[in-house]
Trainee: 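First the structure, then my questions, so here it is.
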Amino acid sequence: MAAQQKEVPNAIGLEEIGTERQEPKKEQKTFTVEEAVETIGFGRFHIVLFLVMGSTGVVEAMEIMLIAVVSPLIRCEWQLNDWQVALVTTMVFFGYMIFSILFGLLADRYGRWKILLISFLWGAYFSLLTSFSPSYIWFVFLRAMVGCGVSGHAQGLIIKTEFLPTKYRGYMLPLSQVFWLAGSLLIIGLASVINPTIGWRWLIRISSVPGIILILAFKFIPESARYNVSTGNNKAAVETLEKIAKMNRSVMPEGILVESVNERRGRFCDLLDSKYLRTTLQIWIIWLGISFAYYGVILASAELLERDMVCSLQTAAAKELGNDSEESHSPCHCRLFAPSDYRIMIISTIGEIALNPLNILGINFLGRRLSLSITMGCTALFFLFLNICTTSTGLIGFLFMLRALVAANFNTIYIYTAEVYPTTMRALGMGTSGSLCRIGAMVAPFIAQVLMNASFLGALCLFSGVCVVCAISAFTLPIETKGRALQQTK
């Protein structure tokens, strides 16, 4: 009997052990979108994504740079004062500022892909209408509407960021600058041929074509899988990830996709939550300053060329025209770009990619914060260098370096902003940052095109001072995102 009683517990013990061994087999394996993206890795899908979404930068650059190459012509056609020319650029960025927040809110709630498509349709429509402007007032209004549409192009960067594996973000996103460079060079090249022949109206019509063509390519890009899981649409997310894995000739993680659903998406108050308050405020300062510096360089370079504000050129012009020339006293200065001016603009624009290799190395090895603080500090220095009395070659060199530095600044802050916020507020974080930065872009024309004519050194010191503030703000950012996985929720 005693033996039998001992056998019963042993039997139960064996049964329990067997059950414990079987339980893990019954558990269903799970994975998150982050794990799926990392497992699938980089491949052909990401190359197509890079080309299509990167091309949004071509369209945006053409629309923004258009003002710089058209300004001398509309100044002459409508006899505009300095402040009226500056107002055109300001209103473009005013429209950008207002709709950047709106599109950010809508993208977090209704999807990145839909908002990107709407913004392209909007921008192309009003850009074409601009070419039929009967007056200066209509031109300003329609360009402001174009600015509203262009503000949604940032969703292309967010889609790229949310599909890229962690280790590739620091390399692929800065390379997107190539597309902005291509757009800038394309509009300058077109302007040099079209403006002197068939006029600025045809320049605007032709520059609208790339945006219309790109809309047709959007069907090859899916909605963000991270956005889909944040809304509870796991089925769509899985289908998207499976297509990417198939296209990359890779495999999906084993198990089922499990991710928490967050109904509280795209809320402005989340940006000012205690966890992100300091980061948000410092990011806003940096965005505002970078935009102020970037568009200040673009408009100042156009102004320097249009008004011959280089020492050697200015002296020669004074001797040739005389100090009491009618043109020097005219409130509506009218001088069209010469072929040499377009060449200088092209050379300085190429500078935007000159520091890309160093920028990529800095972002990936020094980190986002330190890299940004260094390039902002150098930007401040080169603004002051513009005050040095130099030849046209010296001016080209300074503008070349300035364009390289301000482009590097934009590269880094775009990456940092996309990485620091979670999926539920990423588009809004990017949208509000883009909106705040347009305040800097709105102010820049009045400094580069109005104040610079009154006090050249004063304008340069203002640009330089803002860059110093941004460098300090970048260095003291509380979060470093280098090598960090994208956060799904707060």
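Remember, predicted model here, so these are calculated numbers, not experimental data.
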Trainee: Is the side chain of His46 donor-acceptor paired with the backbone N or O of Phe163 at a distance under 3.5 Å, no angle test?
Mentor: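 Pair found, side chain donor or acceptor close to backbone of Phe163.
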
Trainee: Would you say the side chain of Ile374 lies within less than 4.5 Å of the side chain of Leu366, judging by non-hydrogen atoms?
Mentor: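 Leu366 vs Ile374: side chains touch.
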
Trainee: Working note: Leu214 + Thr56, criterion side-chain contact (heavy atoms from CB on, under 4.5 Å); need CA distance, chi angles, decisive distance, verdict.
Mentor: CA-CA 8 Å; Leu214 190 57; Thr56 61; 4.0 Å; yes

Trainee: Side chains of Glu63 and Ser127: donor-acceptor distance under 3.5 Å anywhere?
Mentor: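 Side chains of Glu63 and Ser127: pair found under 3.5 Å.
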
Trainee: Check whether Arg226 reaches the backbone of Pro422 with its side chain - one donor and one acceptor, N or O, closer than 3.5 Å.
Mentor: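 The answer is no, because no donor-acceptor pair under 3.5 Å joins these two groups.
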
Trainee: Quick one: pull up CG in Leu477 and CG in Leu370 and give me the separation to the nearest 0.5 Å.
Mentor: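 One finds 11.5 Å between CG of Leu477 and CG of Leu370.
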
Trainee: Checking side chain to side chain donor-acceptor pair (under 3.5 Å) against Thr375, which of Asn409, Asn411, Thr412, Asn359 comes through?
Mentor: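 Among the candidates, only Asn409 passes.
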
Trainee: Are Phe179 and Phe50, when compared by the centres of their aromatic rings, separated by less than 6.0 Å?
Mentor: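 Under 6.0 Å, so yes.
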
Trainee: With no hydrogens and no angle check, do the side chains of Gln84 and Trp78 hold a donor and an acceptor under 3.5 Å apart?
Mentor: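 No, no side-chain donor-acceptor pair sits under 3.5 Å.
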
Trainee: Can you find a heavy atom in the side chain of Phe139 that is under 4.5 Å from one in the side chain of Ile74?
Mentor: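 Touching, per the 4.5 Å side-chain cut-off.
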
Trainee: So do the side chains of Arg112 and Ile221 get within less than 4.5 Å of each other, counting heavy atoms only?
Mentor: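 Of all side-chain heavy-atom pairs linking Ile221 with Arg112, none is under 4.5 Å.
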
Trainee: Where does the angle between the aromatic ring planes of Trp138 and Phe141 fall among parallel (under 30°), tilted (30 to 60°) and perpendicular (over 60°)?
Mentor: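 Trp138 vs Phe141 ring planes: perpendicular.
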
Trainee: Out of curiosity, Arg205 CZ to Leu129 CG, how far, rounded to the nearest 0.5 Å?
Mentor: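 Rounded to the nearest 0.5 Å, the CZ-CG separation comes out at 11.0 Å.
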
Trainee: Provide the closest heavy-atom pair for Tyr421 versus Thr417 in the form atom of the first, atom of the second, distance.
Mentor: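 That would be CD1-O, 3.5 Å.
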
Trainee: Does any non-hydrogen side-chain atom of Ser291 lie less than 4.5 Å from one of Tyr294?
Mentor: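 Heavy-atom side-chain distance check fails, nothing below 4.5 Å.
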
Trainee: With Leu203, which of Val193, Ile198, Asn195 fulfils side-chain contact (heavy atoms from CB on, under 4.5 Å)?
Mentor: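 So the option named by the test is Asn195.
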
Trainee: Return the CG to CG distance between Leu381 and Leu402, rounded to the nearest 0.5 Å.
Mentor: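 So the CG of Leu381 and the CG of Leu402 are separated by 9.5 Å.
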
Trainee: So Trp122 and Phe99, ring pair (Phe, Tyr, Trp, His ring centres under 6.0 Å) or not? Walk me through it.
Mentor: CA-CA 12 Å; Trp122 181 303; Phe99 271 70; 5.1 Å; yes

Trainee: How close do Ala474 and Ser373 get, counting heavy atoms only, and between which atoms?
Mentor: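 Smallest interatomic distance, heavy atoms only, reads CB-N, 3.9 Å.
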
Trainee: State, yes or no, whether a side-chain contact exists between Phe292 and Ile447 at a heavy-atom distance under 4.5 Å.
Mentor: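 In contact.
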
Trainee: Compare all side-chain heavy atoms of Arg201 with those of Glu77 and state whether any distance is below 4.5 angstrom.
Mentor: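 A side-chain contact under 4.5 Å exists here.
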
Trainee: Are Ile479 and Tyr416 close enough that some pair of their side-chain heavy atoms sits under 4.5 Å apart?
Mentor: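 A side-chain contact under 4.5 Å exists here.
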
Trainee: With a 6.0 Å cut-off (strictly less than), is the heavy-atom count around CZ of Phe385, excluding the residue itself, greater than 12?
Mentor: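 For Phe385, atom CZ is crowded (more than 12 foreign heavy atoms under 6.0 Å).
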
Trainee: Under 6.0 Å from the OH atom of Tyr136, do we count more than 12 heavy atoms belonging to anything else shown?
Mentor: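 Yes, because the 6.0 Å sphere around OH of Tyr136 holds more than 12 heavy atoms from other groups.
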
Trainee: To the nearest 0.5 Å, how far apart are OG1 in Thr481 and CZ in Arg368?
Mentor: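 Answer for the OG1-CZ pair, Thr481 versus Arg368, is 4.5 Å.
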
Trainee: What are the two closest heavy atoms between Ile283 and Ser433, and how far apart are they?
Mentor: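 Result for this residue pair: CG2-OG, 3.5 Å.
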
Trainee: Please check if the side chain of Glu223 supplies one atom and the backbone of Trp113 the other of a donor-acceptor pair under 3.5 Å.
Mentor: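 Indeed, once roles are kept as given, a pair shorter than 3.5 Å links the two residues.
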
Trainee: Shortest non-hydrogen contact from Gly211 to Val59?
Mentor: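 For Gly211 and Val59, the tightest heavy-atom pair comes out as CA-CG2, 3.6 Å.
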
Trainee: Measure across Leu116 and Gly156 and return the closest heavy-atom pair with its distance rounded to 0.1 Å.
Mentor: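 Nearest pair, atom of Leu116 first, then Gly156: CD1-N, 3.8 Å.
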
Trainee: Looking at CE of Met65 and CD1 of Ile67, how far apart are the two atoms once the value is rounded to the nearest 0.5 Å?
Mentor: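 With rounding to 0.5 Å, CE (Met65) is 10.5 Å from CD1 (Ile67).
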
Trainee: Would Met376 and Ile290 satisfy side-chain contact (heavy atoms from CB on, under 4.5 Å), going step by step from the backbone distance to the final call?
Mentor: CA-CA 8 Å; Met376 285 302 307; Ile290 288 176; 3.6 Å; yes

Trainee: Is it true that a side-chain atom of Ser208 and a backbone atom of Ile204 form a donor plus acceptor pair closer than 3.5 Å?
Mentor: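 Yes, the answer is positive, given that a donor and an acceptor are paired below the 3.5 Å cut-off.
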
Trainee: To the nearest 0.5 Å, tell me how far Leu186 CG sits from Ile346 CD1.
Mentor: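 Going from CG on Leu186 over to CD1 on Ile346, the span is 10.5 Å.
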
Trainee: Would Phe218 and Val52 count as a side-chain contact (heavy atoms from CB on, under 4.5 Å) if you check the C-alpha gap in whole Å, the side-chain angles of each, and the deciding distance to 0.1 Å?
Mentor: CA-CA 7 Å; Phe218 282 176; Val52 176; 4.1 Å; yes

Trainee: Under the criterion side-chain contact (heavy atoms from CB on, under 4.5 Å), I'd like the reasoning laid out for Trp180 against Ile64: C-alpha separation, chi angles, the key distance, then a yes or no.
Mentor: CA-CA 10 Å; Trp180 180 278; Ile64 298 299; 4.2 Å; yes

Trainee: Might you confirm whether atom OH of Tyr125 has over 12 heavy atoms from other residues, nucleotides or ligands at distances under 6.0 Å?
Mentor: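 At most 12 heavy atoms, drawn from other residues, nucleotides or ligands, come within 6.0 Å of this atom.
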
Trainee: Taking the side chain from Ser230 and the backbone from Tyr227, do they hold a donor-acceptor pair closer than 3.5 Å?
Mentor: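 Here the side-chain-to-backbone pair exists.
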
Trainee: Under 4.5 Å between any side-chain heavy atoms of Arg143 and Val146, yes or no?
Mentor: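 The answer is yes, as the side chains (C-beta and beyond) meet within the 4.5 Å cut-off.
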
Trainee: Does any N or O in the side chain of Thr280 come within less than 3.5 Å of the main-chain N or O of Tyr276, such that one atom is a donor and the other an acceptor?
Mentor: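 A pair under 3.5 Å: yes.
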
Trainee: To check you understand the geometry: which heavy-atom pair defines the closest contact between Ile363 and Lys482, and what is its length?
Mentor: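 Nearest heavy atoms, Ile363 then Lys482: O-CD, 3.9 Å.
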
